Trainee: 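Structure incoming, see below.
Just so it is clear: chains get the letters A, B, ... in the order the sequence lines come, proteins before strands, and each one is counted from 1. Just so you know, these numbers come straight off a predicted model, no measurement behind them.
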2 protein chains.
Amino acid sequence: MGQDHHGHDHGHDHTPASKEERMENARRVCQQHGERFTPLREHIFGLLIEADGPIKAYDLLDLLRPEHGSPKPPTVYRALEFFTRLGLVHRVEALNAYITCDHMHDGHSAEFFICETCDRVQERHAHDHSECIPKGFVIKRSVIEHYGSCVDCTAAAA
Amino acid sequence: MGQDHHGHDHGHDHTPASKEERMENARRVCQQHGERFTPLREHIFGLLIEADGPIKAYDLLDLLRPEHGSPKPPTVYRALEFFTRLGLVHRVEALNAYITCDHMHDGHSAEFFICETCDRVQERHAHDHSECIPKGFVIKRSVIEHYGSCVDCTAAAA
DNA sequence: CCTTGTTTGCTATAACATAGCGTTGTTTTG
DNA sequence: CAAAACAACGCTATGTTATAGCAAACAAGG
Ligand SMILES: [Zn+2]
Ligand SMILES: [Zn+2]
Ligand SMILES: [Zn+2]
Ligand SMILES: [Zn+2]
């Protein structure tokens, strides 16, 4: 189970964790990396979880505002850099947006399926590209984002 | 030949066209789409060809400047939108850069291998992702960019 | 020629992101 | 514990990327 036709887990069975579980996971990952899960970081990670999908840095900044005075861009960008470095958040390149990650990628890149109608995003481990890499090219990271229509929105459109 | 282990052409044998050929191709594609290849567009496409790799919009703007007075951002962004719409140029999302395309994608997306050491980019037709799409998801376009080290730079580093 | 639509130039502004610095708070070390 | 070292934070300022909107120039078709 969890194995697809390529012989490794693409996350098809991935059960989305609850918000509490996601927060706990973030706390644990920070500890494992010897990093601090400060109140500010927890606050921002909570907003990312609540967003429940890709969110833009400046929207995050707006959400941070009421409880946090008048935060400036570096505040949110620093947290995003931190979480991205720990693999807890991904940047969705073509949306200029950020999204939490529940996966244990372990060297895999992420692969996103993004519905442009309802804005929902499904994440998986990246499909294996090893068979079609130019000879000798060493991949350090991959950006893989598929844009289109999810099953529900496709059905609704018909 | 030109067929890889997945049974379709990924462009492994793709011979880079000369600059003149690339310009001619652009002219032809414009005609086929009933669009105008104006002097401004030709000028900008020429700069994109000369760049011979990903180039940023504002760098393009600088190159345009000497011959063209004082062009403003919309000038270059409009041309980039035009060429992108016709498939003559791709945006490299994670670089905020633009690059000419010699491929006949015909519904395929592009897939890029980008060396972060020498900045050279190899483009191919995208690897087929149809086997690992979430059930019912209809992909309209894909962003696939691999970052790492090309064969030459890997060898040079060792 | 006149109409219609496209392309271009321009001003202005929006949206996204980082540099650098001083302060505060935490951790480490003697 | 005290001093030193480091990490996180707040802030100002600026850099970078991209678009909106309008008017003039231009091309195409009747
Ligand atoms: Zn992930
Ligand atoms: Zn949808
Ligand atoms: Zn292409
Ligand atoms: Zn290289």
Trainee: A/D62: which residues meet the salt bridge (Lys or Arg N to Asp or Glu O under 4.0 Å) condition with it, sequence neighbours left out?
Mentor: A/R65
Trainee: Return the value, rounded to whole Å, for the distance between atom CG of A/D62 and atom C1' of C/dC16.
Mentor: 13 Å
Trainee: With a cutoff of under 4.5 Å between side-chain heavy atoms, which Ile, Leu, Val, Met, Phe, Trp and Tyr residues group with A/I144?
Mentor: B/I144
Trainee: Apart from B/I99 itself, which Ile, Leu, Val, Met, Phe, Trp or Tyr residues share its cluster (side-chain heavy atoms under 4.5 Å, direct or through members)?
Mentor: A/V92, A/L95, A/I99, A/F112, A/I114, A/V121, A/V143, A/Y147, B/V92, B/L95, B/F112, B/I114, B/V121, B/V143, B/Y147
Trainee: Heavy atoms only: give me the nearest A/H103-A/C101 pair and the separation to one decimal.
Mentor: N-SG, 3.2 Å
Trainee: Using a cut-off of strictly less than 4.0 Å between a heavy atom of the residue and any atom of DNA chain C, enumerate the qualifying residues of residues 42-53 of chain B by number.
Mentor: none
Trainee: Tell me the bend of the helix from C/dC1-D/dG30 to C/dG30-D/dC1 as the angle between end helix axes, each from five pairs, rounded to the nearest 10 degrees.
Mentor: 30°
Trainee: How would you list, by chain and number, every residue that makes a side chain to side chain donor-acceptor pair (under 3.5 Å) with B/H68, sequence neighbours excluded?
Mentor: none
Trainee: Please enumerate all protein N or O atoms sitting under 3.5 Å from an N or O of nucleotides 7-12 of chain C, with distances to 0.1 Å.
Mentor:
from: C/dT7; atom 1: OP1; to: B/R41; atom 2: NH1; distance (Å): 3.3
from: C/dT7; atom 1: O5'; to: B/R41; atom 2: NH2; distance (Å): 3.4
from: C/dT8; atom 1: OP1; to: B/T38; atom 2: OG1; distance (Å): 2.5
from: C/dG9; atom 1: OP1; to: B/H68; atom 2: NE2; distance (Å): 3.1
from: C/dG9; atom 1: OP2; to: B/H68; atom 2: NE2; distance (Å): 3.4
from: C/dG9; atom 1: N7; to: B/R78; atom 2: NH2; distance (Å): 2.4
from: C/dG9; atom 1: O6; to: B/R78; atom 2: NH1; distance (Å): 3.1

Trainee: Less than 4.0 angstrom from a charged side-chain N to a carboxylate O is my criterion; do B/R85 and B/E81 meet it?
Mentor: yes
Trainee: Tell me every residue that passes side chain to side chain donor-acceptor pair (under 3.5 Å) with B/T75, counting only those two or more places apart in sequence or in another chain.
Mentor: none
Trainee: Within the 4.0 Å heavy-atom criterion, would you say A/Y98 contacts the bases, only the backbone, or no part of the nucleic acid?
Mentor: sugar-phosphate
Trainee: Not counting sequence neighbours, which residues clear salt bridge (Lys or Arg N to Asp or Glu O under 4.0 Å) with B/K72? List them please.
Mentor: none
Trainee: Test question: given the 4.5 Å side-chain rule for I, L, V, M, F, W and Y, name all other residues clustered with A/L86, or answer none.
Mentor: A/M23, A/V29, A/F37, A/L40, A/I44, A/F45, A/L47, A/L48, A/I49, A/I55, A/Y58, A/L60, A/L61, A/L63, A/L64, A/V76, A/Y77, A/L80, A/F82, A/F83, A/L88, A/V89, A/Y98
Trainee: Please give, in whole Å, the distance from D/dT19 C1' to B/E81 CD?
Mentor: 12 Å
Trainee: What integer distance in Å separates B/E93:CD from C/dC16:P?
Mentor: 13 Å
Trainee: Going by atom type alone, with no hydrogens or angles, which donor-acceptor pairs under 3.5 Å involve a side-chain atom of residues 148-158 of chain B and a protein atom two or more places apart or on another chain?
Mentor:
from: B/S149; atom 1: OG; to: B/T154; atom 2: N; distance (Å): 3.3
from: B/S149; atom 1: OG; to: B/T154; atom 2: OG1; distance (Å): 2.9
from: B/D152; atom 1: OD2; to: B/R120; atom 2: NH2; distance (Å): 3.0
from: B/T154; atom 1: OG1; to: B/S149; atom 2: O; distance (Å): 3.4
from: B/T154; atom 1: OG1; to: B/C150; atom 2: O; distance (Å): 2.9

Trainee: If the cut-off is 4.0 Å, is A/Y77 near the phosphate of C/dA17, judged by side-chain N/O to OP1 or OP2?
Mentor: yes
Trainee: B/L61 has an atom CG; how far is it from atom P of D/dT17, in whole Å?
Mentor: 11 Å
Trainee: Applying side chain to side chain donor-acceptor pair (under 3.5 Å), can you list everything that pairs with A/T38, at least two apart in sequence or on another chain?
Mentor: none
Trainee: According to a strict under-4.0 Å criterion, is B/K56 in side-chain N/O contact with OP1 or OP2 of D/dT16?
Mentor: no
Trainee: Could you state the CG-P distance from A/L95 to D/dT17, rounded to the nearest angstrom?
Mentor: 19 Å
Trainee: To the nearest Å, give me how far apart CZ (A/R91) and C1' (C/dT18) are.
Mentor: 13 Å
Trainee: From CD of A/Q31 over to C1' of C/dT26, roughly how many Å is that when rounded to an integer?
Mentor: 16 Å
Trainee: Would you kindly give the OH-to-C1' distance between A/Y58 and D/dA18, to the nearest whole Å?
Mentor: 14 Å
